[in-house]
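Contents: one structure, followed by commentary.
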Amino acid sequence: MKYSLDNLPFSNTFAALPPAFYSRVAPTPFETEPTLIHFNTQVAALLDLDPTVQHDPRFVEAFSSRRRLPGMDPIAMLYAGHQFGHYVPQLGDGRAIILGETTNQRGEKWELQIKGSGQTPYSRGSDGRAVLRSSIREYLCSEAMHGLGIPTTRGLCLIGSADEVHRERVETGAMLTRLAPSHVRFGSFEVFYYRDQHEQVRVLADYVITQHYPELADQPDRYLRFLQTVIERTARLIAQWQAVGFAHGVMNTDNMSILGLTLDYGPYGFMEAYDPGFICNHSDHHGRYAFDQQPQVGLFNLSCLAQALLPLLEIEAARAALEGYQARFIEHYHHLMAQKLGFAQPDEAVVHLLEELLAQMHASRTDYTLLFRALSEVSLDSNEGAAALRDRFIDRERFDLWLDGYRTHLRASARDDATRRPAMLATNPKYVLRNYLAQVVIEKAEQGDYAEIERLLTVLRAPFDEHPQQARYAETPPAWADNIQVSCSS
Ligand code: AMP
Ligand code: MG
């Protein structure tokens, strides 16, 4: 059975918490006519929502805040957070509203949120709007991450308008409906800890555990286990980011999901020419959130969370849990990178091969995605694939040496081409969301042409497949892409 707009079941467990956790809000519709830019059939399927609802005018009305469907209970969540290392005591959903949760027939709850739906008590003087450009970037990237197998929020639909929104230039406003089992952030705990409202920290922890970590609910040490689980999920998430070359750009604690999801896509970027110091956010002048800083920032953010949970924990136990992070991250990262290199397991030689390869890629500014994809085509028995690889390096003799050592270790690991190649092709994507690809989609959409969204999504949803007709999406950036700047302003 598929739900229609008449019977999509809404509840709102977050709104059942005490009022201190949120504000009831009236979303502000656009002044101009909203138009459906894209409807995500795959995400509709997650909700058991009949995809034909996209043709029902009530759909656009409901997800552009013009109409309230039965059971919707719009609220904005309160949170705080460490932004660029400094504690900011009052943040919250400044331009997002939670509509409620829908439960599919498998019993999975999805919290639906509209981003860009006007001011809330947490807007801090800003307009509560999201521009088309940033909404497209979030929409595309969350699908790309999902296609790569990385936990993320998803996007149900994108709705545009002719309403003017003022940023560095005048742009148009859009609304993105996104979903996740929960949008609770590390900063959701911090706000009550720093206000000395420690009882609220407990209420929120109990809520998150009951709703999202029910296996912990009966454990006497459930708060510690909760922290340990978030540490584990975060370590794994960031290892996955590093393995695909994803930089989040604004890893503030208010953008860190309590469920270990990639959350709040702003000035993110996928690594192209390999550079561990890659900074994707043009406002990040000191490189606090540079690519190679992400694992450490993960630990900093988890420490902020642990601090906020101290009313519920023994300090020594919290410290020990945090001390486990680094090893867990390394274990996940080495495992993923070993797989990218075609080994089932990491060992010392694999780590050494990895480090030397990355050093050579850095020196040659080799394209991260294309290099690992090309490596999948290397043959153990012939020189097939080797010439094309070699050409990606400036110091080819140094690369030849590496390739010799690599082949030797592959042979020793007893993986022949027939098992290794398909495994590598299934772990090294051909397609990632390069900034210039998103930019092309944005520029067309700003002219009213939305067809490119679906074309690009087709490859991003299955990034390990070849898609020979769409191979242009795998290309390295054109020269004009050097001028694309992404920052926090969206
Ligand atoms: P972000 O950098 O997008 O994670 O946003 C940080 C905080 O600023 C969050 O609490 C947002 O809700 C809020 N915010 C960002 N942009 C706007 C906006 N245009 N209007 C109101 N609040 C905003
Ligand atoms: Mg945010």
Side-chain angles (χ1 to χ4, degrees), residues 21-23 25-30 65 74-98 111 113-139 141-142 145 152-153 155 161 163-180 182-191 194 247-259 261-269 279-285 288-289 297 301 304-305 485-490:
F21 289 88
Y22 58 85
S23 297
V25 286
T28 318
F30 293 126
S65 305
I75 57 169
M77 239 189 231
L78 170 70
Y79 51 82
H82 277 83
Q83 299 195 314
F84 290 88
H86 303 286
Y87 184 64
V88 182
Q90 166 80 66
L91 294 163
D93 291 331
R95 54 165 168 169
I97 50 146
I98 292 171
E111 187 174 82
Q113 190 178 72
I114 302 186
K115 204 167 164 181
S117 50
Q119 288 179 319
T120 76
Y122 315 118
S123 298
R124 298 181 297 156
S126 297
D127 59 10
R129 292 298 184 197
V131 297
L132 180 61
R133 166 177 54 90
S134 68
S135 306
I136 289 178
R137 281 176 54 84
E138 172 151 3
Y139 193 68
C141 198
S142 55
M145 295 299 260
T152 177
T153 60
S161 75
D163 279 31
E164 285 189 354
V165 175
H166 294 261
R167 295 293 181 262
E168 277 100 2
R169 59 184 172 100
V170 178
E171 304 187 45
T172 56
M175 292 190 202
L176 164 74
T177 298
R178 70 175 179 188
L179 48 138
S182 168
H183 293 85
V184 169
R185 302 132 192 277
F186 291 8
S188 310
F189 290 89
E190 290 179 278
V191 65
Y194 287 103
H248 181 285
V250 209
M251 282 179 70
N252 294 330
T253 56
D254 51 296
N255 291 335
M256 295 294 289
S257 152
I258 202 70
L259 302 182
L261 309 173
T262 314
L263 172 67
D264 276 8
Y265 293 88
Y268 64 82
I279 302 168
C280 55
N281 177 356
H282 273 80
S283 326
D284 184 9
H285 304 295
R288 179 178 170 87
Y289 297 138
V297 174
N301 290 343
C304 293
L305 174 66
Q485 297 204 345
V486 290
S487 68
C488 286
S489 147
S490 55

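We number each residue from 1, following the sequence as shown. Predicted, not measured: the structure shown is a model, and the values here were computed from it. Note: hydrogens, waters and symmetry copies are ignored here, and every other heavy atom, side chains too, is used. In each ligand, atom 1 is the first atom listed, and ligand 1 is the first ligand listed.
- By the 6.0 Å and 45° rule, R137 does not stack over the aromatic ring of Y265.
- Ligand-side atoms of ligand 1 in range of G128: 18 (C), 19 (N), 20 (N), 21 (C), range being under 4.0 angstrom from any heavy atom.
- Residue-level proximity to ligand 1 for Y79 is carried by the side chain, the only part with a heavy atom below 4.0 angstrom.
- The nearest non-hydrogen atom to atom 23 (C) of ligand 1, considering only R95, M77, E138, comes from R95.
- Of all the atoms in ligand 1, the ones that sit under 4.0 Å from a non-hydrogen atom of D264 are 4 (O).
- Using a 4.0 Å heavy-atom cutoff, G266 is absent from the residues neighbouring ligand 1.
- Annotation: angle subtended at the Mg ion (ligand 2) by D264 OD2 and N255 OD1 is 80°, to 10°.
- Smallest separation of non-hydrogen atoms from I75 and Y22: CG2-CD1, 3.6 Å.
- Residue G92 has at least one nitrogen or oxygen atom sitting less than 3.5 Å from a nitrogen or oxygen atom of ligand 1, judged on distance alone.
- The atoms of ligand 1 that sit less than 4.0 Å from any heavy atom of R167 are 19 (N).
- Near R129, with a cut-off below 4.0 Å to any heavy atom, the atoms of ligand 1 are 19 (N).
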Exercise. Dump the intermediate steps for side chain to side chain contact (heavy atoms under 4.5 Å, CB included) on L305 and H82, then the final yes or no.
Key: CA-CA 10 Å; L305 174 66; H82 277 83; over 6 Å; no

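- Contact analysis puts R124 in contact with ligand 1, with a non-hydrogen atom separation below 4.0 angstrom.
- Taking all atoms of both residues into account, the shortest heavy-atom contact from V250 to N281 is CG2-ND2, 4.0 Å.
- Contact check for D264 versus R178: side-chain heavy atoms found under the 4.5 Å cut-off.
- The minimum heavy-atom distance between P27 and I97, with the atom names listed, is CG-CD1, 3.4 Å.
- Looking at every heavy atom in both residues, R288 comes nearest to D284 through N-OD1, 3.0 Å.
- Atom numbering of ligand 1 starts at 1 in the shown order; those under 4.0 Å from a heavy atom of N255 are 4 (O).
- Proximity to D127 (heavy-atom distance under 4.0 Å) selects the following atoms of ligand 1: 18 (C), 19 (N), 20 (N).
- Nearest heavy atoms, L259 versus S182: CD1-N, 3.6 Å.
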